[in-house]
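What's counted below: heavy atoms across the whole structure, side chains too, no hydrogens, waters or symmetry copies. Chain identifiers are assigned alphabetically (A, B, ...) following the order of the sequence lines, protein sequences preceding nucleic acid strands; residue numbering begins at 1 within each chain. No experiment lies behind these values; they were computed from the predicted model shown.
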Protein chains: 2
Amino acid sequence: MRRKTKEEYIEIICLLEREQGRAQTGMIAEAIDVKPPSVTEVLRKLEEKGLIVYEPYVGATLTEAGFEMARDLWQRHRTFADLLRLLGVDRRVAEADACQFEHHVSPETLEYLKLFLEFLRESPEGRRCLEDFEAFRKQRG
Amino acid sequence: MRRKTKEEYIEIICLLEREQGRAQTGMIAEAIDVKPPSVTEVLRKLEEKGLIVYEPYVGATLTEAGFEMARDLWQRHRTFADLLRLLGVDRRVAEADACQFEHHVSPETLEYLKLFLEFLRESPEGRRCLEDFEAFRKQRG
DNA sequence: ATCCTTATTTAGGTTAACCTAAATATTGGC
DNA sequence: GCCAATATTTAGGTTAACCTAAATAAGGAT
């Protein structure tokens, strides 16, 4: 598989803390499909950057800054995934693509996408647009 | 700056061949903001993969396979960039973001986006959707 | 035809993200 | 409280994409 970014580690740590109460080396390694020694190495670097506190043999906990980053990534992820789903993309695919896009989108573009998502979901015109697109899709796709 | 992918080299080579008639080490290095020795190294690898023919001291030319890849990337790029522009994203920003997305989008998602783009541009409902979104944006954004 | 300039390649080094194997720490059962 | 099983870290190695400095090739002016 592909090379993981620091951002991905932060996301996994956040998820594990939330769902399992803690984020240990082995759990992270498993979740991210990497061997434990690689995780140890990255955790040290994340600590240097002030994104986590790393306690050897215990695990990682996000700092305030790390948590901010995770929250931010999650929002970007949701924006993409939700938008793709609304357009009809399969759930698995939408989530997988969002995992990639979230790391590369600019703030400006993200703002537009968030707004467009809001438009599609919350305005009558937006909802009609989705219906029209679905009809269009069924006809042409 | 960021690490470049093989795909980015292919795109630049395609562009240079098209616009300057040839793609030499120095031109590629300049275009991609990397030093010439790094380019030489990558060109050898691209040749091994059958994507270019590399003639030392002369430059690179895309093979059929390389050209296919470039064409494909360009289409992905255009899909994203055009979509973002339609939503109102600034040209520079849209192009820059498309440069990233194009390397990460799945075929399934790309199909949906192409179809949505077609819908927005070519159907009356799609065009109305864009107008409605613009109004929405001016009001809320 | 030779020399000088300019471009390219070669040689060798760095960094970051991975890996395996070996050493070490933690934990649960007795 | 000790010991075995399990998890983590340390040590050392690989690969890919970069870099700088030095060597070499190509091309134009005289």
Handout entry: Length of the line joining Tyr57(A):OH and dT9(D):P, which is rounded to integer Å
Key = 6 Å
Handout entry: Hphob cluster co-occupancy, Phe67(B) + Ile13(B), side-chain heavy atoms under 4.5 angstrom
Key = yes
Practice task
Nearest whole angstrom, please: distance from the C1' of dT8(C) to the CD of Gln24(B).
Solution key: 10 Å
Exercise for the section: Please check if Leu73(B) and Leu43(B) belong to a single hydrophobic cluster, counting links between Ile, Leu, Val, Met, Phe, Trp and Tyr side chain heavy atoms closer than 4.5 Å. Expected result: yes
Fill in the blank from the handout: Going 5' to 3' through nucleotides 10-20 of chain D and flagging B where a protein heavy-atom sits under 4.0 Å of the base, S where only the sugar-phosphate is that close, and - otherwise, we get B----BBBBBB
Exercise for the section: Measure the distance from CZ on Arg22(B) to C1' on dA7(C) and round it to the nearest whole Å. Expected result: 12 Å
Handout entry: Aromatic centroids of Phe80(B) and Phe101(A) separated by under 6.0 Å
Key = yes
Handout entry: Pairwise side chain to side chain donor-acceptor pair (under 3.5 Å) hits with a residue in residues 47-73 of chain A, at least two apart
Key = Asp72(A)-Arg76(A)
Problem - Verify same cluster id: Phe136(A), Leu117(B) (apolar side-chain graph, 4.5 Å) - result: yes
